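A short write-up of the structure that comes next.
Just so you know, these numbers come straight off a predicted model, no measurement behind them.
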Amino acid sequence: MVVSGVGVMPGNYVLADSSGAVVIPDQQLDEVLAGARRIAAEDERYRAEIAREDLSRSSEGRGAER
């Protein structure tokens, strides 16, 4: 089957949301999932770092007001 010019074969995985869609061939699923997990872990590290910086700034701000 071809959808918008992209071949979709039996066994392929299709992920779609409001941003678009991607077709993942079965033989590449493990590689794609590993990459997605690395990105998710990196994103979480960035979020934690930002949260720490925000907490540090807010505690500094409270001390300066007194």
Side-chain angles (χ1 to χ4, degrees):
M1 172 189 329
V2 176
V3 179
S4 295
V6 177
V8 180
M9 304 299 293
N12 285 168
Y13 293 85
V14 179
L15 176 64
D17 63 15
S18 61
S19 297
V22 63
V23 177
I24 304 167
D26 180 48
Q27 64 272 22
Q28 292 180 326
L29 183 62
D30 290 337
E31 177 184 349
V32 170
L33 288 175
R37 287 181 182 117
R38 280 192 302 275
I39 291 168
E42 185 175 302
D43 287 350
E44 184 55 37
R45 284 191 299 274
Y46 288 137
R47 281 191 288 276
E49 184 177 328
I50 291 167
R52 281 192 305 274
E53 289 175 8
D54 287 346
L55 287 174
S56 141
R57 285 186 186 141
S58 65
S59 66
E60 289 171 7
R62 280 194 295 260
E65 293 173 4
R66 292 182 184 177

To the nearest 0.5 Å, atom OH of Tyr13 lies from atom CG of Leu29 at 5.0 Å
Separation between CD (Glu49) and CD (Glu44), nearest 0.5 Å, reads 12.0 Å
- Answer yes or no: is there a donor N or O on one side and an acceptor on the other, between the side chain of Asp17 and the main chain of Gly20, under 3.5 Å? yes
The side chain to side chain contact (heavy atoms under 4.5 Å, CB included) partner of Val14 among Val6, Val23, Val22 is Val23
Taken to the nearest 0.5 Å, the spacing of Asn12 CG from Met1 CE works out to 10.0 Å
So CG of Leu33 and CD of Glu31: to nearest 0.5 Å the spacing works out to 10.5 Å
